[in-house]
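Below: one structure, written as structure tokens.
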Amino acid sequence: MKYLKLLRINQWLKNLVIFIPIFFSGSMFIEKFYLKGIFAFLAFSLVSSSMYLVNDIVDFEKDKLHPYKKERVELIKELTPTWTLILSVIVLAGGILVERLFVQSEYFLLILACYVLIMLMYSFFLKNIGIVDVITIAIGFVLRAVSGAVIFQLEISAFLLLSIIGMALLISFGKRKLEVIQLGEKAIKHRTASEVYPNNLLDYIISSTMAITFTAYILFAYSFQSEGLNFVLNQYLPPMFRYPHWLLLTTPIALYVLIRYLSVIYKGKVHNVESIWFKDKELLIGILIWVVVLFVLIYSQQIATISL
């Protein structure tokens with residue numbers, strides 16, 4: 001069971017991005033969408049775990065320098081790189097099998113294939129090219145979001161996609177910043193791409209990325225048409241307030257979450273980016289409030305209809 005740590009199950013959280021198009025389309029209560037979404041999530045999670053194993057094999061020597069990744073190095077040494085690679089193939093086959101049995105979408109299968117190809121390129125050489133390494137990771141998030149749209153033939157807003165790209169870049173650059181804080185000068189030895197961030201350049205990139213991400217989210221919130229709350233409140237509101245852009249109410253919460261995330265990163269007290277979401281209570285509470293408010297704004301009409 002200890003070898004399950006190599007699958008990085010805690011990072012499966014990233015694959016919830018698949019549900020974003022479903023969530024914002026107001027389709028979460030449609031059973032076929034919900035069930036197929038769960039299997040798509042499982043398939044993508046298994047495929048991504050397979051790529052994590054390959055990446056750990058490639059980084060076997062470099063990870064010995066990392067204070068928190070050394071545990072995975074010891075597990076691979078114990079399991080042996082050969083058996084780790086075999087495990088990667090088995091997990092990849094499991095993900096494809098789940099897709100073929102329960103999702104059955106040629107488009108989704110193609111996206112999984114693209115993800116595998118890109119992640120293999122990342123593991124072997126793209127990770128050593130500064131900026132490109134982070135963009136590659138962001139592409140992985142975009143593929144997750146697009147897969148959620150193509151499986152159910154849903155439209156995805158350009159502003160929403162831009163927000164996802166921005167958040168993916170922010171998470172990835174935050175991860176690089178955390179490595180620099182934790183490893184200091186050793187960061188370049190651990191990841192040669194780190195040498196392209198001299199002085200405070202990484203800080204400037206992070207601040208610019210955050211500004212772009214938040215602006216994209218504001219534009220998405222403004223352009224989003226939510227009939228749910230209008231349906232419930234129309235009889236109580238004066239005419240001038242009956243059709244506001246309700247999702248704009250979530251922008252202060254989104255800003256808090258972004259700032260809190262960066263605050264935790266710059267303190268450098270977490271092992272990795274993935275653990276932030278669970279170990280920082282303020283950030284977790286902010287995200288939960290954000291999701292709940294979005295749910296109420298988007299699904300209030302459906303909830304009211306069900307209760308009636």
Discussion item. Go through it in stages, so that I can follow the logic: the residues are N55 and Y122, the test is side-chain hydrogen bond (donor to acceptor under 3.5 Å, both in side chains), and I'd like the CA-CA distance, side-chain angles, deciding distance and then a yes or no.
Written reply: CA-CA 8 Å; N55 188 65; Y122 171 83; 5.5 Å; no
Worksheet entry | Residues that S147 engages under side chain to side chain donor-acceptor pair (under 3.5 Å), provided they are two or more places apart | none
Fill in: Cation-pi check, R176 onto F173 ring (under 6.0 Å, within 45° of axis)
no
Discussion item. Quick check on the hydrophobic clustering: are L262 and I137 connected, directly or via other members, by side-chain heavy-atom contacts under 4.5 Å?
Written reply: yes
Discussion item. I'd like to check L255 versus M210 (side-chain heavy atoms, cut-off strictly below 4.5 Å). Are they in contact?
Written reply: yes
Item to complete: Measure from the side-chain N and O atoms of S263 to the backbone N and O of I259, and report whether any donor-acceptor pair falls under 3.5 Å.
Response: no
Practice prompt. Report the C-alpha distance between K127 and D59 in whole Å, list the side-chain angles of each, state the deciding distance to 0.1 Å, and finish with yes or no for side chain to side chain contact (heavy atoms under 4.5 Å, CB included).
Written response: CA-CA 10 Å; K127 68 164 62 177; D59 282 352; 2.5 Å; yes
Item to complete: Using a 4.5 Å cut-off on heavy atoms from C-beta on, say whether the side chain of L46 contacts that of L7.
Response: no
Discussion item. Apply side-chain hydrogen bond (donor to acceptor under 3.5 Å, both in side chains) to residues S27 and S25 and explain how you reach the verdict.
Written reply: CA-CA 5 Å; S27 305; S25 69; 2.8 Å; yes
Worksheet item: Do L202 and I206 have side chains that get closer than 4.5 Å, going by heavy atoms?
Response: yes
Fill in: Residues which pass side chain to side chain donor-acceptor pair (under 3.5 Å) with E106, listed by chain and number, not counting sequence neighbours
R100
Discussion item. Can you confirm if the aromatic rings of F224 and F159 lie within a centre distance of less than 6.0 Å?
Written reply: no
Worksheet item: Same cluster for L288 and M28 if Ile/Leu/Val/Met/Phe/Trp/Tyr side chains link at under 4.5 Å?
Response: no
Discussion item. If I take atom CZ from residue F41 and atom CZ from residue R144, how far apart are they, to the nearest 0.5 angstrom?
Written reply: 10.0 Å
Worksheet item: What is the ring orientation for Y299 with F295, classed by angle as parallel under 30°, tilted 30 to 60°, or perpendicular over 60°?
Response: parallel
Fill in: Approximate separation, where rounding is to 0.5 Å, of M167 CE and I212 CD1
14.0 Å
Discussion item. For a quick test of reading the model, state the closest non-hydrogen atom pair linking K177 to Y266 and the distance between them.
Written reply: CE-CE2, 3.4 Å
Item to complete: Decide yes or no on side chain to side chain contact (heavy atoms under 4.5 Å, CB included) for V47 and V116, but give the supporting numbers first.
Response: CA-CA 7 Å; V47 170; V116 169; 3.5 Å; yes
Worksheet item: Applying the 4.5 Å side-chain criterion to the ILVMFWY set and letting contacts propagate, would L109 and M51 be lumped into a single cluster?
Response: yes
Worksheet item: Is I118 close to L143 at the side-chain level, that is, under 4.5 Å between some pair of heavy atoms?
Response: yes
Worksheet entry | Smallest separation among heavy atoms of A254 and W290, with atom names | CB-CZ2, 3.5 Å
Discussion item. For F39, give me all partners under ring pair (Phe, Tyr, Trp, His ring centres under 6.0 Å), at least two apart in sequence or on another chain.
Written reply: F102
Practice prompt. Determine whether L42 and W12 make a side-chain contact, defined as any pair of heavy atoms from C-beta on separated by less than 4.5 Å.
Written response: yes
Practice prompt. Give the minimum heavy-atom separation between I156 and P21, together with the two atoms involved.
Written response: CD1-CG, 4.1 Å
Discussion item. As an exercise, state the distance from OG1 of T80 to CG of L85, rounded to the nearest 0.5 Å.
Written reply: 9.5 Å
Worksheet item: Is there a path of hydrophobic side-chain contacts, each under 4.5 Å between heavy atoms of I, L, V, M, F, W or Y residues, that connects L92 with L97?
Response: yes
Discussion item. I'd like to check the side chain to side chain donor-acceptor pair (under 3.5 Å) partners of W83; sequence neighbours left out, ordered by chain and number.
Written reply: none
Worksheet item: Distance-only, no hydrogens or angles: does the N15 side chain make a donor-acceptor pair with backbone N or O of L13 under 3.5 Å?
Response: no
Fill in: Which atom of S49 lies closest to which atom of V91, heavy atoms considered
CB-CG1, 4.1 Å
Discussion item. Is the ring pair Y115/F44 parallel, tilted or perpendicular, if the boundaries are 30 and 60 degrees?
Written reply: perpendicular
Fill in: side chain to side chain contact (heavy atoms under 4.5 Å, CB included) partners of A216, counting only residues at least two apart
L162, S163
Fill in: Nearest atoms (heavy-atom pairs only) where A145 meets L161
CB-CD1, 4.4 Å
Item to complete: For residues L284 and D280, determine if any side-chain heavy atom of one lies less than 4.5 Å from a side-chain heavy atom of the other.
Response: no
Discussion item. I'd like to know whether I253 forms a side chain to side chain contact (heavy atoms under 4.5 Å, CB included) with L294, so could you lay out the CA-CA distance, the side-chain angles of the two residues, the decisive distance to 0.1 Å, and finally the verdict.
Written reply: CA-CA 10 Å; I253 309 173; L294 282 170; over 6 Å; no
Response to the item:
Across all chains, not counting sequence neighbours, the side chain to side chain contact (heavy atoms under 4.5 Å, CB included) partners of I90 are I86
Worksheet item: Are side-chain heavy atoms of T84 and D56 found at a separation under 4.5 Å?
Response: no
Worksheet entry | Common cluster, I131/I165, ILVMFWY with side-chain heavy-atom separation under 4.5 Å | yes
Worksheet item: Is any side-chain heavy atom of L6 closer than 4.5 Å to a side-chain heavy atom of L79?
Response: yes
Practice prompt. Working to the nearest 0.5 Å, report the span between OG of S208 and CG of L170.
Written response: 11.0 Å
Worksheet item: Strictly under 6.0 Å, is that where the ring centroids of F19 and F23 end up?
Response: no
Worksheet item: Where is the tightest heavy-atom contact between F220 and S157, given as atom of each residue plus distance?
Response: CD1-OG, 3.7 Å
Fill in: Donor-acceptor pair, side chain of E99 and main chain of S105, under 3.5 angstrom
yes
Practice prompt. Could you tell me the separation between the CZ atom of R8 and the CG atom of N10, rounded to the nearest 0.5 Å?
Written response: 8.5 Å
Worksheet item: Stepwise, does the side chain to side chain contact (heavy atoms under 4.5 Å, CB included) test hold for M119 with Y52?
Response: CA-CA 9 Å; M119 289 301 107; Y52 296 149; over 6 Å; no
Worksheet item: Are the side chain of S88 and the backbone of S50 linked by a donor-acceptor contact shorter than 3.5 Å?
Response: yes
